[in-house]
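Take a look at the structure below.
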Number of protein chains: 2
Amino acid sequence: MDTGDAFDPNCPTRLVLDRIGDKWSVLVLLSLADGPMRFTELRRRVGGVTPKVLTQTLRAMEYDGLLTRKIFAEVPPRVEYTLSELGRSLHEPVAAVTRWAEQNVGRIMGSREAIDHAQ
Amino acid sequence: MDTGDAFDPNCPTRLVLDRIGDKWSVLVLLSLADGPMRFTELRRRVGGVTPKVLTQTLRAMEYDGLLTRKIFAEVPPRVEYTLSELGRSLHEPVAAVTRWAEQNVGRIMGSREAIDHAQ
DNA sequence: ATCGCCAGTATCCATAAGGTACCTATAGCA
DNA sequence: TGCTATAGGTACCTTATGGATACTGGCGAT
């Protein structure tokens, strides 16, 4: 298996990029970086996510070993999501991209406005 | 306008994250980091992208000021895509995520296999 | 005379995302 | 003895988005 070329569609690295490139995954990762959270907490924190999509995202991240899901046998039910070591190791690179976005949002919006204005 | 909270769906930072989180944008950015490229060159380099989607991606990145599009009045036509200063500044953070993916692809695939095996 | 090159469009279809409603069981309240 | 609220989802339907394939135009080469 070729792990070195992200440009090859069959490369596993590409699968990983697809997953972590997902916008909800990134927001979940950033949220959980502050500590474990429950489903509804996450739902409130990550504005705009629907429960279905949040469930899909969390299940996918669990499958990839980025977080763990702990169910407490209580009523009402309680489920806690916690970043794994692997998930925590991804936090810094992702946070760097987010910082870039925050720092450059002005330039990007400026570019869009300049182009819109030229039309 | 609130540029500080990527969790707010109306936050511009979120718009930016959505855009640069797109898998094709990342691959185009990494390709162009080596220098300007033509459309067909990019298409070959970024395996699996269809022309329609590549066009959409390039237009979106141009709109955001990440790259410039230069048309040469020749036959056959020639169009060159070049990263802007802004695009180049995004390269390092994105490359860090890609490096993480390459280094951890094994762990992720291992997690998937462990879970598949447990079923 | 026809073929191929380049940079895309146009068209159609499948998949995925999004929105809303509903389910389960129990504890608390009236 | 209902009635309601709660948490963590599922089920269902509709709407975007992505992807596959085919096609265009002008010219130089065969």
Side-chain angles (χ1 to χ4, degrees), chain A residues 6-11 14-29 31-32 35-64 67-82, chain B residues 7-11 14-29 31-32 35-64 67-83:
Chain A
F7 298 109
D8 176 359
N10 300 318
C11 165
R14 180 97 148 233
L15 293 178
V16 175
L17 271 186
D18 289 356
R19 176 62 48 79
I20 64 188
D22 175 67
K23 75 172 167 174
W24 299 121
S25 298
V26 168
L27 295 174
V28 166
L29 184 79
S31 298
L32 291 183
M37 275 197 192
R38 301 174 61 177
F39 187 85
T40 304
E41 242 178 314
L42 271 170
R43 205 183 147 184
R44 272 192 291 263
R45 181 83 189 275
V46 179
V49 68
T50 62
K52 190 189 77 172
V53 174
L54 182 55
T55 299
Q56 284 171 358
T57 303
L58 289 168
R59 294 288 201 278
M61 291 176 75
E62 185 190 14
Y63 186 51
D64 285 352
L67 54 79
T68 58
R69 181 167 175 270
K70 196 155 85 185
I71 306 165
F72 296 82
E74 299 173 5
V75 170
R78 185 154 70 99
V79 178
E80 230 177 51
Y81 293 93
T82 310
Chain B
F7 297 110
D8 177 359
N10 300 318
C11 166
R14 180 97 149 233
L15 293 177
V16 174
L17 271 186
D18 289 355
R19 176 62 47 79
I20 66 188
D22 176 67
K23 73 172 170 176
W24 299 121
S25 298
V26 167
L27 295 173
V28 166
L29 184 80
S31 297
L32 291 182
M37 275 197 192
R38 303 174 62 174
F39 187 85
T40 304
E41 243 178 312
L42 271 171
R43 207 184 145 183
R44 271 192 291 263
R45 181 85 190 273
V46 179
V49 68
T50 62
K52 190 188 78 170
V53 173
L54 182 56
T55 299
Q56 285 171 357
T57 302
L58 290 168
R59 293 290 200 278
M61 291 176 75
E62 185 189 14
Y63 185 53
D64 284 353
L67 55 78
T68 58
R69 181 166 174 272
K70 197 155 86 185
I71 305 165
F72 296 83
E74 301 174 0
V75 170
R78 184 153 72 100
V79 178
E80 230 177 49
Y81 293 93
T82 310
L83 280 193

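Computed over heavy atoms, backbone and side chain alike; hydrogens, waters and symmetry mates excluded. Reminder, nothing fancy here: chain letters follow the sequence lines and each chain counts from 1.
For the pair B/E62 CD and C/dG8 C1', the computed distance is 14 Å after rounding to whole Å. Per the geometry, CG belonging to B/D18 stands 13 Å off C1' belonging to D/dT17, to the nearest Å. Residue B/R59 contributes atom CZ, which lies 18 Å from atom P of D/dT17 at whole-angstrom precision. Between A/F72 atom CZ and C/dT24 atom C1' there is a gap of 20 Å when expressed in whole angstrom units.
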Write down the protein N/O and nucleotide N/O pairs, taken from nucleotides 11-18 of chain C, whose separation is under 3.5 Å; answer none if there are no such pairs.
| residue | atom | partner | partner atom | Å |
| --- | --- | --- | --- | --- |
| C/dG18 | OP2 | A/W24 | NE1 | 3.1 |
| C/dG18 | N7 | A/K52 | NZ | 3.0 |
| C/dG18 | O6 | A/K52 | NZ | 2.6 |

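Here A/T40 pairs with A/R44 under the side chain to side chain contact (heavy atoms under 4.5 Å, CB included) rule; sequence neighbours left out. A/E41 meets the salt bridge (Lys or Arg N to Asp or Glu O under 4.0 Å) test with no other residue; sequence neighbours excluded. B/R19 pairs by the salt bridge (Lys or Arg N to Asp or Glu O under 4.0 Å) definition with B/D64, not counting sequence neighbours. Annotation: salt bridge (Lys or Arg N to Asp or Glu O under 4.0 Å) contacts of B/R43 (sequence neighbours excluded): none.
Within the 4.5 Å cutoff, the side chain of A/L58 has heavy atoms near those of the A/L67 side chain.
At least one donor-acceptor pair under 3.5 Å links the side chain of A/R14 to the backbone N or O of A/F7.
Atom CE of B/M61 and atom OH of B/Y81 lie 11.0 Å apart (nearest 0.5 Å).
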Scoring nucleotides 3-8 of chain D by protein non-hydrogen atoms under 4.0 Å (B base, S sugar-phosphate only, - none) yields ---BBS
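Across all their heavy atoms, B/L27 and A/L17 have their closest contact at CD2-CD1, 4.3 Å.
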